[in-house]
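FYI, the numbering just counts along the sequence from 1. From a predicted model like this one, the values you see are computed outputs, not experimental measurements. Just so you know, ligand 1 is whichever comes first in the structure, and atom 1 is the first atom listed for that ligand.
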Amino acid sequence: MFLASNGYSREHDIAMKKKGLEMKDLRAAASAVRKNAHAPYSAFKVGAAIRSDSGAVYIGCNVENVAYPEGTCAEAGAIAAMVAAGETTLAEVYVIAGSPSPVPPCGGCRQKLAEFGGGDVPVTLATVSGEEFRTTIGDLLPGAFGAAHMSGE
Ligand code: THU
């Protein structure tokens, strides 16, 4: 597949331009929800905005807990909001954090994204200062465990 210099397919870029400021909208949504993150233990606030195949945008932020393993990631919150709204198909993902370089989703979140999005779904990782790294769910989780691995025997 042809990939533009920004990492997206040409078809995706054309579709995005036709629709207007789609990516900017996701960035604005992720940036806004990041401010609500509950991160008193790491002081590392993360915001996520996802677009489902219906075009709706769902948001999430990390929610930490004094019992550290109970904390949840921004991506998990956004996915939960999408599923709670009755949707199960990701079209686009945007994650933003106050890090020096775009921070990739943790392993668990990669698997969560793969549950609801195909390998070609675009994922943009961003910093508050404006740096962006564009990738896909497939590139974030090569060789993903999927339902097909459970068939047989
Ligand atoms: N975190 C996220 O919310 N998403 C990521 O992609 C990376 C990490 C959160 C979890 C925890 O609250 C904090 O960042 C530090 O790991």
Start with the C-alpha distance between Arg34 and Cys61, add both sets of side-chain angles, then the distance that settles side chain to side chain contact (heavy atoms under 4.5 Å, CB included), and finish with yes or no. CA-CA 6 Å; Arg34 178 182 165 272; Cys61 56; 5.9 Å; no

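- For the pair Gln111 (side chain) and Phe145 (backbone), a donor-acceptor distance under 3.5 Å is present.
- Partners of Tyr41 under the ring pair (Phe, Tyr, Trp, His ring centres under 6.0 Å) rule, at least two apart in sequence or in another chain, are Tyr68.
- With sequence neighbours excluded, the residues that form a side chain to side chain donor-acceptor pair (under 3.5 Å) with Thr127 are Ser129.
- Near ligand 1, heavy-atom contacts under 4.0 Å come from Ser42, Phe44, Val46, Asn62, Glu64, Cys73, Ala74, Glu75, Pro104, Pro105, Cys106.
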Begin from the C-alpha positions of Val121 and Thr136 and carry the test side chain to side chain contact (heavy atoms under 4.5 Å, CB included) through to its verdict. CA-CA 5 Å; Val121 168; Thr136 62; over 6 Å; no

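- The side chain to side chain donor-acceptor pair (under 3.5 Å) check on Thr72 picks up nothing, with sequence neighbours excluded.
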